[in-house]
Amino acid sequence: MSLASRRALLLGVLGTAATGLVTAEGALAAPATPRSLPAGLEDLPSYEAPTTCGPLQPGTAGLRDLILASYGRQTIGTTRACTASGVATSEHMDGRALDWMLDAADPADRATAEDFLRWLLAPDAAGRTAASARRLGVMYVIWDRQVWKSYRADLGWQPYTGSNPHTDHVHVSLT
C-alpha cells in the first residue's frame, strides 16, 4: 500500500493526520491527535502507591491501545516482574504504568510526544484542567527530564531528577 493510501486510510479511521509519516517531499507529516474519550470527567486523582504485584490492568491496556490506534505502530512496554519478596515498588509491577519508547532527541519522536501530551493535559471546553488525563486516570507523566503530577497539577511540568531522565521514553502511571 502506498504512503498516500496509508495516510488516507488513517485519516478516515482516526479522523486525524498520521504521525511520523514522511511525505514524498520529505516533510514530516503532522502528528495525530488521539481519538476523543467519553464525556464524563473525574476529579484529578491523588497519588496511589503500588501495593500488589499483578497483571496488566484494563486501564493500562486501554491507554496502550489508544496510543496504537492513534499513532500507529509504536513500541510500548508495560509490566515488569516484581521483587523476590513479592512487593511492588513501581506501577509497572502492578500493571498500572507504560513506557512509550520515543526519543526526545529525534524531531519526529519529540513531535509525537508533544502532540500526545498537549492532548492529554489540555483543558476541556469547560476549562477543566487535564481533561483527557482525568478520563484515563493518569496519575503522573515523566518525559524528557520533566514530570507532571495529577495530584499537583497546579504546578504544571516540574523538573524530574530521578536516576532515569526519561529522554528515551514517555512514562505514564495510572491510578
Side-chain angles (χ1 to χ4, degrees), residues 10 13-20 30-82 88-104 106 108-124 128-153 156-158 160 162 164-175:
L10 284 170
V13 172
L14 302 177
T16 59
T19 296
T33 298
R35 293 188 244 190
S36 61
L37 297 172
L41 189 64
E42 297 78 19
D43 290 335
L44 284 164
S46 59
Y47 178 76
E48 292 179 26
T51 56
T52 60
C53 295
L56 183 65
Q57 297 299 307
T60 309
L63 176 56
R64 178 202 59 209
D65 294 347
L66 177 68
I67 291 169
L68 293 172
S70 299
Y71 293 96
R73 191 171 134 193
Q74 301 290 317
T75 302
I76 300 172
T78 52
T79 58
R80 292 193 187 134
C82 285
T89 58
S90 97
E91 291 86 24
H92 284 289
M93 294 174 179
D94 65 3
R96 296 186 295 126
L98 63 78
D99 289 334
W100 182 7
M101 307 314 289
L102 296 171
D103 182 353
D106 178 276
D109 281 1
R110 177 172 283 286
T112 298
E114 290 176 357
D115 180 70
F116 170 74
L117 296 170
R118 188 173 30 258
W119 168 82
L120 185 70
L121 302 179
D124 64 7
R128 297 175 292 188
T129 303
S132 295
R134 290 179 188 211
R135 289 182 178 99
L136 293 167
V138 172
M139 189 167 58
Y140 64 89
V141 178
I142 308 170
W143 164 245
D144 194 19
R145 297 180 177 90
Q146 295 190 342
V147 61
W148 177 87
K149 302 171 183 176
S150 64
Y151 45 94
R152 293 304 317 260
W157 285 98
Q158 297 294 299
Y160 179 75
N164 182 327
H166 293 75
T167 55
D168 61 354
H169 68 281
V170 175
H171 171 92
V172 181
S173 281
L174 305 166
T175 57

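Just so you know, these numbers come straight off a predicted model, no measurement behind them.
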Q: Using a 4.5 Å cut-off on heavy atoms from C-beta on, say whether the side chain of Phe116 contacts that of Leu102.
A: no

Q: According to the interplanar angle, ranging from 0 to 90°, do the rings of Tyr140 and His171 count as parallel (below 30°), tilted (30 to 60°) or perpendicular (above 60°)?
A: parallel

Q: Determine the minimum heavy-atom distance between Ala153 and Thr129, stating which atoms define it.
A: CB-CG2, 4.4 Å

Q: Can you name the closest pair of heavy atoms from Trp100 and Ile76 and give their distance?
A: CD1-CG1, 4.0 Å

Q: Between Gln74 and Ile67, what is the shortest heavy-atom contact and its length?
A: CG-CG2, 4.3 Å

Q: What are the two closest heavy atoms between Leu44 and Ala130, and how far apart are they?
A: CD2-CB, 4.2 Å

Q: Any chance you could measure Trp143, atom CH2, to Thr167, atom OG1, to the nearest 0.5 Å?
A: 7.5 Å

Q: May I ask you to test the Val138-Leu121 pair for a side-chain heavy-atom distance under 4.5 Å?
A: no

Q: Show the nearest heavy-atom pair for residues Ser173 and Glu91, with the distance to one decimal.
A: OG-OE1, 2.8 Å

Q: Can a donor-acceptor pair be found between the side chains of Asn164 and His169 at a distance below 3.5 Å?
A: no

Q: Heavy atoms only: give me the nearest Val141-Val170 pair and the separation to one decimal.
A: CG1-CG1, 4.0 Å

Q: Is the backbone N or O of Leu120 less than 3.5 Å from a side-chain atom of Ser132, with the two atoms forming a donor-acceptor pair by type?
A: no

Q: Heavy atoms, side chains only, cut-off 4.5 Å: are Arg134 and Asp124 in contact?
A: no

Q: Quick one: does Thr60's side chain have a donor or acceptor within less than 3.5 Å of a partner on Leu56's backbone?
A: no

Q: Is the shortest side-chain heavy-atom distance between Gln158 and Arg152 below 4.5 Å?
A: no

Q: Taking the side chain as everything from C-beta on, heavy atoms only, tell me whether Asp168 gets closer than 4.5 Å to Asp103.
A: no

Q: Ignoring hydrogens and angles, tell me if any N or O in the side chain of Arg110 forms a donor-acceptor pair with the backbone of Ala104 under 3.5 Å.
A: yes

Q: Answer whether the closest heavy-atom distance between the side chains of Thr78 and His92 falls below 4.5 Å.
A: no

Q: Does Pro55 offer a backbone N or O that forms a donor-acceptor pair with the side chain of Gln57 under 3.5 Å?
A: yes

Q: Below 4.5 Å, heavy atoms only, C-beta onward: do Leu117 and Trp157 meet side chain to side chain?
A: yes

Q: Are side-chain heavy atoms of Arg135 and Glu42 found at a separation under 4.5 Å?
A: yes

Q: For the side chain of Arg80 and the backbone of Met93, is there at least one donor-acceptor N/O pair under 3.5 Å apart?
A: no

